[in-house]
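All values below were derived from every heavy atom in this structure, side-chain atoms included, with hydrogens, water molecules and symmetry-related copies excluded.
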Amino acid sequence: QVQLVESGGGSVQAGGSLNLSCTVSRNAYSRGNVMAWFRQAPEKEREGVAAITIGGGVIIYTDSVKGRFTISRDHTKTTMYLQMNDLRPEDTGMYYCAARRWDGHWHLSRPNEYNTWGQGTQVTVSS
């Protein structure tokens, strides 16, 4: 069974930084997959934040986090990261990592296209 386990969330003040991690069970870490970070604020829809192809390392970000967030992956640790700098109150939410087979499309606006999810880690940014 594929397992995604997030960690690294917390509470910070605006302008602060957090580094999220998503560890994938070793037998499920596939270079044919794309992995993504989504977030969901209370009473809002889940939105895609960033994604990376595991094999080629191709990356995409949603506009609101460009220049502030950095997504990466480490093959030896079968882990994906999201370094978040210059955090803003509007970044507050539950952050989830997700995975699916790479088909050439990011599907960041369609979270249901991702079939494997972690349990989430809370990020709270105060002003």
Side-chain angles (χ1 to χ4, degrees):
Q1 183 178 357
V2 177
Q3 282 192 316
L4 305 181
V5 180
E6 302 99 332
S7 61
S11 297
V12 297
Q13 291 189 329
S17 298
L18 287 172
N19 189 23
L20 306 184
S21 298
C22 173
T23 300
V24 185
S25 52
R26 188 164 294 275
N27 63 345
Y29 187 83
S30 169
R31 297 194 183 213
N33 280 358
V34 55
M35 292 190 66
W37 288 99
F38 288 82
R39 66 186 179 190
Q40 188 166 19
E43 301 181 358
K44 291 191 176 180
E45 293 187 352
R46 193 168 296 190
E47 65 167 341
V49 174
I52 184 169
T53 60
I54 297 303
V58 183
I59 289 170
I60 189 171
Y61 298 99
T62 194
D63 286 346
S64 62
V65 307
K66 285 179 181 176
R68 300 188 299 122
F69 291 10
T70 303
I71 190 171
S72 61
R73 83 276 191 252
D74 185 327
H75 293 316
T76 60
K77 297 181 179 179
T78 64
T79 298
M80 176 180 66
Y81 303 95
L82 186 68
Q83 176 65 44
M84 305 187 295
N85 298 327
D86 189 23
L87 283 161
R88 304 168 181 170
E90 55 264 37
D91 295 318
T92 294
M94 186 71 77
Y95 281 68
Y96 300 90
C97 65
R100 60 159 286 137
R101 196 72 183 163
W102 174 240
D103 64 356
H105 302 282
W106 295 108
H107 301 292
L108 285 185
S109 62
R110 302 173 65 182
N112 287 342
E113 293 290 334
Y114 283 76
N115 52 16
T116 305
W117 291 83
Q119 82 288 351
T121 186
Q122 178 67 37
V123 171
T124 303
V125 185
S126 58
S127 57

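- Side-chain contact of Ser30 with Arg101: a donor-acceptor pair under 3.5 Å is present, judged by distance alone.
- A side-chain hydrogen bond (donor to acceptor under 3.5 Å, both in side chains) with Gln40 is found for exactly one of Glu45, Glu47, Arg46, namely Arg46.
- Between Lys66 and Asp63, at least one side-chain N (NZ, or NE/NH1/NH2) sits under 4.0 Å from a carboxylate O, which counts as a salt bridge.
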Could you give me the CA-CA distance, side-chain angles and deciding distance for Arg39 and Val65, then say whether side-chain contact (heavy atoms from CB on, under 4.5 Å) is met? CA-CA 12 Å; Arg39 66 186 179 190; Val65 307; 4.0 Å; yes
What do the steps show when you test Met84 against Leu82 for side-chain contact (heavy atoms from CB on, under 4.5 Å), and what is the final call? CA-CA 6 Å; Met84 305 187 295; Leu82 186 68; 3.8 Å; yes
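- Under the side-chain contact (heavy atoms from CB on, under 4.5 Å) criterion, Ser7 pairs with Ser21, not counting sequence neighbours.
- For the atom pair OG of Ser11 and CG of Leu87, the computed distance is 11.0 Å after rounding to the nearest 0.5 Å.
- Following chains of ILVMFWY side-chain contacts shorter than 4.5 Å, one cannot reach Trp102 starting from Ile54, and the two form parts of different hydrophobic clusters.
- Sorted by first and then second residue, the ring-ring contact (aromatic ring centres under 6.0 Å, His included) pairs with a member in residues 18-70 read Tyr29-His75, Phe38-Tyr114, Phe38-Trp117; sequence neighbours excluded.
- Cluster annotation: Leu4 is connected to Leu20 through the hydrophobic network of ILVMFWY side chains, with a link wherever side-chain heavy atoms come within less than 4.5 Å.
- Side-chain contact between Tyr96 and Val49 is absent, with no heavy-atom pair separated by less than 4.5 Å.
- Summarising the geometry, atom OG1 belonging to Thr23 is positioned 10.0 Å from atom CE belonging to Met80; distances are rounded to the nearest 0.5 Å.
- Here the straight-line distance linking atom OG1 of Thr53 with atom CD1 of Ile59 works out to 8.0 Å at 0.5 Å rounding.
- Expressed to the nearest 0.5 Å, how far OG1 of Thr92 lies from NZ of Lys44 amounts to 10.0 Å.
- Atom CD of Glu6 sits about 11.5 Å away from atom OG1 of Thr79, to the nearest 0.5 Å.
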